[in-house]
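A, B, ... follow the sequence lines: proteins, then strands. Residue 1 opens every chain.
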Amino acid sequence: MGGNSRLNRTFFMADVLSVAPLLPGKYLCLTNSDGKTGKHIITEAEAYRGEEDMACHARRGRTKRTDVMYRGGGYVYMYLIYGIHWMLNIVTGREGDPQAALIRGIKGYDGPGKLTRHLGIDGSYYGEDLTQGDKIWIEDSGRQLITGKGKRIGIDYAGEYWRDIEWRFYLK
DNA sequence: TCAGTGATTAGG
DNA sequence: CTAATCACTGAG
């Protein structure tokens, strides 16, 4: 055996500050249009945590866009930024507590907009269940990996505290 | 350094 | 309806 295992609901329903550091090193898995499976090592992720986090989209509450963040861990949150780039996020935490981890890099494609373009992921993935189906899911690599941490990128508007907190996690 | 590009959101 | 904002990227 020794096969990789798909991460389940329990994994994603933990707090984003527990889940996001565990994502680098795991496999992002997709079934492409040819029916073949592609697996990509996640290299970097950022945590966005609750309505109090002034950098989190849910800071303005539950809207059509942020709705999926309130459904509980294990779903995909997609949004378009600057009219061009689709961002891939993994919803975490308990139902009613909006959290997500932004996938900022996979091996070979650093940059949240670059990786979605390369993988062909867009708004049609909004709300996908990572624990069901064969469109998109995440697998454990079975390896213990060390992650570094740093400040989140591109959120200078969020104020001193939220801007400087080290909620970005990357493979060393 | 800075323009592109369009969904989302608050406000009138 | 309008206008501002934006978890980015690539060209110069």
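Where pairing requires Watson-Crick or G-U contacts shorter than 3.5 Å, the helical stems of DNA chain C with at least three consecutive pairs are B:1-4 with C:8-11, B:6-11 with C:1-6.
Salt bridge A:E139/A:K39: present, at least one basic N to carboxylate O contact under 4.0 Å. Note on A:R152 versus A:E46: no salt bridge recorded, every NZ/NE/NH1/NH2 to OD/OE distance being 4.0 Å or above. The existence of a salt bridge linking A:R62 and A:D67 is confirmed by a sub-4.0 Å separation between a basic side-chain nitrogen and an acidic carboxylate oxygen. With respect to the salt-bridge test (charged N to carboxylate O, under 4.0 angstrom), the residues A:R49 and A:D97 do not qualify. Ion pairing of A:R117 with A:D122 is absent here, as no side-chain N (NZ or NE/NH1/NH2) approaches a carboxylate O to less than 4.0 Å.
When the P atom of B:dA7 is taken as reference, atom OH of A:Y77 falls 15 Å away, rounded to whole Å. B:dT9 atom P lies 11 Å from atom CG of A:D67, rounded to whole Å.
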Would you list the protein and nucleotides 1-5 of chain B atom pairs, both N or O, that sit under 3.5 Å from each other?
| from | atom 1 | to | atom 2 | distance (Å) |
| --- | --- | --- | --- | --- |
| B:dT5 | O2 | A:Y82 | O | 2.3 |

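Within the 4.0 angstrom heavy-atom criterion, no nucleotide atom of any strand lies near A:R163. Residue contacts for A:G123: at a heavy-atom cut-off of 4.0 Å it reaches no nucleic acid atom on any strand shown. Using a 4.0 Å heavy-atom distance criterion, A:R65 is classed as a sugar-phosphate-only contact.
For the ring-ring contact (aromatic ring centres under 6.0 Å, His included) test, residues two or more places apart in sequence or in another chain that qualify with A:Y79 are A:H57, A:Y77. Residues that satisfy the side-chain hydrogen bond (donor to acceptor under 3.5 Å, both in side chains) test with A:R65, not counting sequence neighbours, are absent from this structure.
A cation-pi arrangement is absent between A:R6 and A:F11 under the rule of less than 6.0 angstrom and at most 45 degrees off the ring axis.
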Let me check something: any side-chain donor-acceptor pairs from residues 155-167 of chain A under 3.5 Å, sequence neighbours excluded? List them with distances.
| from | atom 1 | to | atom 2 | distance (Å) |
| --- | --- | --- | --- | --- |
| A:Y157 | OH | A:A55 | O | 3.3 |

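Side-chain contact check for A:Y170 versus A:T147: every heavy-atom pair is 4.5 Å or farther apart.
Protein chain A contacts DNA chain C from C:dC6 to C:dG10, reading 5' to 3' and using non-hydrogen atoms of the protein with a distance under 4.0 Å.
A:Q99 and A:Y70 share no side-chain donor-acceptor pair at under 3.5 Å.
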